[in-house]
Visitor: 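Below is a structure I'd like to ask you about.
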Amino acid sequence: MSNKSNIFLSGVVEGFYGRPWTMSQRTELFRREQRWGLNAYLYAPKDDYKHRMYWRDLYSLEEADQLMTLISAAKEHNVEFIYALSPGLDITFSNPKEVAALKRKLSQVCGFGCRAFALLFDDIEAEMCPADREAFGSFAEAQVCVTNELFLHLGEPQTFLFCPTDYCAAFCSPSVQLSAYLNTVGEKLSAGIDILWTGPKVVSQDISVASIEEVSAVLRRPPVIWDNIHANDYDPQRLFLGPFKNRPTELIPKLRGVLTNPNCEFEPNFVAIHTLATWCKSSCGQKDVPMDGDDQDYNPHEALQLALTDWLVEFGRANQPDGCGRPKREEEEPMQTDGFVPGPRENPLYTAEPLALEDLTLLAELFYLPYEHGAAALAMLEDLHWLRSNCSSAHESPQGKEWTRRAEKFDQMCGAVVQMFNRLSNVPNRIILYDLYNYICDIKSGVTMAKAYVRTLGGRTPHPALALTDDPEPWGFRGALSGEFQRMLPSHGKRDLFRSPPSTRVYTIRPGTPKDQPEVERIFREMQTEAGLEAEAELEAGLVGDRLVEAQVLPSHWLILEAESGVCGYALALTDAKTAMTKAQYPEAMLQDYPSALALQIHSKVPDHDVAARLILQVLSGLRDAGSKGVLMVCVCVSSGSKGVFSEFRSRDRRMIDFLKTLNIFQVLEVEGLPTNLLIMGTKL
Ligand code: GDL
């Protein structure tokens, strides 16, 4: 394409839901982009009236004036301003008046000095209206036809972007390669138009070179990445201050560009944009233009430190939002020292310490990335988990010493978070502070509750406001209604970035068959040996679970967990446990509430708790719905689902017991007459 620019597009897409940035924030963005070597800005704020909902409406004189100023500001800073429209909510593609409305709107913006455009069809219904169905062979054809016409109408601009409705691999059916939608787009969209792509998912943990090669072949051009790694518009408790990460720099020559769609709050995006700029300057990005000091490959940790060092300076610049009092000049002394000097027996003036780089590092580690906590956050979770699991030894010797040591360490880490909060509250740049405020307040509160909990575990009485009784203050049960919904969903606890970080391993959960029995027994024996329980297994023969494992009775529900290396877990359930009992070994009352039995084992080598949780949830739902057999192998026919299920454990089998406790699905059952070396856990279905 003679018209097409070869410059790698790099910068920001303002493409999130919620309050759009202000004109002065955008101007500041252009300044930063220029300073850091980025070159593009895609204007696509989802909740800007005239970008999406009222896309047909032309701009008023006042709005036109503002946009013109903005477009000139971008030019001044060598940033390409790309104006996007999202007409997909209600456009009728086949109606010429609609196409005329698009032309009119984009021509108006062209009149403001804008030379780069985009049409976005993300997040819309994929169903066509009857009129469009008649006129076009497919939804892709409708979009492509209108987009090509607009591209021609605007004189084939050097930069013209198209966002498909299937903008990530997860949306493509049956796959990227075989997606009819993407293939039509690739084939029919004018070669001068570039295509936006978010990677394997909407928010992609990694974007691999192979995945980009795959999609480029279908699209017949390298995509522009619309990166949602720092986007936080889907969860009001999250903010992302970690570095641009898990995108190998080898991608750069294979892409047309990268635009990051970051946090809704403008100021906290300092790190997201700064680290993206560092990534773009890496050796792969600068092959044609070697620059001194820029020939290193990208290291996210170092990129973060660079960004935080620069950000720290910004925190020190006095800055007040409009209407928050008289802006203070930088050289001015703090007001408090103007006249009042406290006497010797009076309270000293409040002086907060200045913010330090380690505070910012801690902040970034607490609000890191969507699929990863930072080091400090992980350390705190690890300690809290350990302290909770080992609290029974808090007062025993010598284990109590270790418990106290770790409790003190946890206390200190909580203290560092509170100190960071106090120092941030004192920064001269109130604009950055207010963008961060809700988040730092939330984490301070979360940490304060955790700290009080650890003190309670250690036998101390917390302040009444922090007591985790049956009737806590509302900050003791956070998350509001949405939090309650969350806790009831199976995904709750499954995506836990501490115990179950996302894994790239592939597991299968499949129905078991008698051929799996030797493997089931192997895992059973291996795990018994690992827990030092072989002798006990002999002693306490006749458990229902053991009989299932040893194939003395056939399970009614049988699931196998398999990794690439082979079978690594099993769940064997028996709808009516009594059929496997040689004697009346459990009380009738218990069997009424929990009539089914479950034998469960996950190999200790499986690090992914979420996959184990899935296995359990699947077998439980099989028992609950027994009668509708689905994929499960059902040997005993039952007409209605089970009411409850129990599982037997040797009390020293801590690994499985602790794991089940963390799932919060099973409770320990009080069973009369149970030998002390046994423990029974159960759940109602
Ligand atoms: C999306 C939306 C985007 C939103 C993001 C994160 C694209 C192409 N569209 O799907 O507007 O900010 O998710 O919620 O990413």
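Whatever order the structure lists ligands and atoms in, that order sets their numbers, starting from 1. The shown structure was predicted, so the numbers you read here are calculated from the model rather than taken from an experiment.
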Visitor: Less than 4.0 Å between a side-chain N and a carboxylate O, is that true for Lys46 and Asp122?
Guide: yes
Visitor: If the cut-off is 4.0 Å to any non-hydrogen atom of Asp123, which atoms of ligand 1 fall inside it?
Guide: 1 (C), 2 (C), 9 (N), 10 (O)
Visitor: Report, in ascending order of atom number, the atoms of ligand 1 lying under 4.0 Å from any heavy atom of Phe16.
Guide: 12 (O)
Visitor: Provide the number and element of each atom of ligand 1 under 4.0 Å from a heavy atom of Val202.
Guide: 1 (C), 10 (O), 13 (O)
Visitor: With the threshold set at 4.0 Å, does a side-chain nitrogen-carboxylate oxygen contact exist between Lys103 and Glu149?
Guide: yes
Visitor: Quick one: sort the Trp279 and Phe244 rings into parallel, tilted or perpendicular, breaks at 30° and 60°.
Guide: perpendicular
Visitor: Taking only residues at least two apart or on different chains, which pairs with a member in residues 88-138 satisfy ring-ring contact (aromatic ring centres under 6.0 Å, His included)?
Guide: Phe93-Phe121, Phe93-Phe139, Phe121-Phe162
Visitor: Answer yes or no on whether Lys245 is positioned over the face of Tyr298, meaning its NZ or CZ is under 6.0 Å from the six-membered ring centre and within 45° of the axis.
Guide: no
Visitor: Report, in ascending order of atom number, the atoms of ligand 1 lying under 4.0 Å from any heavy atom of Tyr234.
Guide: 14 (O)
Visitor: May I ask you to identify, for Asn261, whether its side chain, its backbone, both or neither come under 4.0 Å of ligand 1 on a heavy-atom basis?
Guide: side chain
Visitor: Strictly below 4.0 Å, N to O, side chains only: are Arg19 and Glu14 in salt-bridge contact?
Guide: no
Visitor: With no hydrogens and no angle check, just 3.5 Å: does a side-chain donor-acceptor pair link Asp123 and Tyr167?
Guide: yes
Visitor: Please determine, by modelled atom types, if Asp310 and His274 share a side-chain donor-acceptor pair under 3.5 angstrom.
Guide: yes
Visitor: What residue and heavy atom of the protein are closest to atom 10 (O) of ligand 1, and at what distance?
Guide: Tyr167 OH, 2.5 Å
Visitor: Need the ligand 1 atom indices (1-based, order shown) with element for anything under 4.0 Å from a heavy-atom of Tyr17.
Guide: 4 (C), 11 (O)
Visitor: Which residue owns the protein heavy atom closest to atom 9 (N) of ligand 1, what's the atom, and how far is it?
Guide: Asp122 OD2, 2.7 Å
Visitor: In ligand 1, which numbered atoms sit nearer than 4.0 Å to a non-hydrogen atom of Asp233?
Guide: 4 (C), 6 (C), 12 (O), 14 (O)
Visitor: Any nitrogen or oxygen of Thr198, side chain or backbone, less than 3.5 Å from one on ligand 1?
Guide: no
Visitor: Would you tabulate the side-chain donor-acceptor contacts of residues 212-219 under 3.5 Å, counting partners in other chains and residues two or more places apart, or write 'none'?
Guide:
| residue | atom | partner | partner atom | Å |
| --- | --- | --- | --- | --- |
| Glu213 | OE2 | Lys254 | NZ | 2.7 |
| Ser216 | OG | Ile212 | O | 2.6 |

Visitor: What atoms in ligand 1 come closer than 4.0 Å to a heavy atom of Gly15?
Guide: 3 (C), 11 (O), 12 (O)
Visitor: Among all protein heavy atoms, pick out the one at the shortest distance from atom 15 (O) of ligand 1; state its residue, atom name and that distance to 0.1 Å.
Guide: Asn228 ND2, 2.8 Å
Visitor: Examine Val203 against ligand 1 and note whether any of their N/O atoms are separated by less than 3.5 Å.
Guide: no
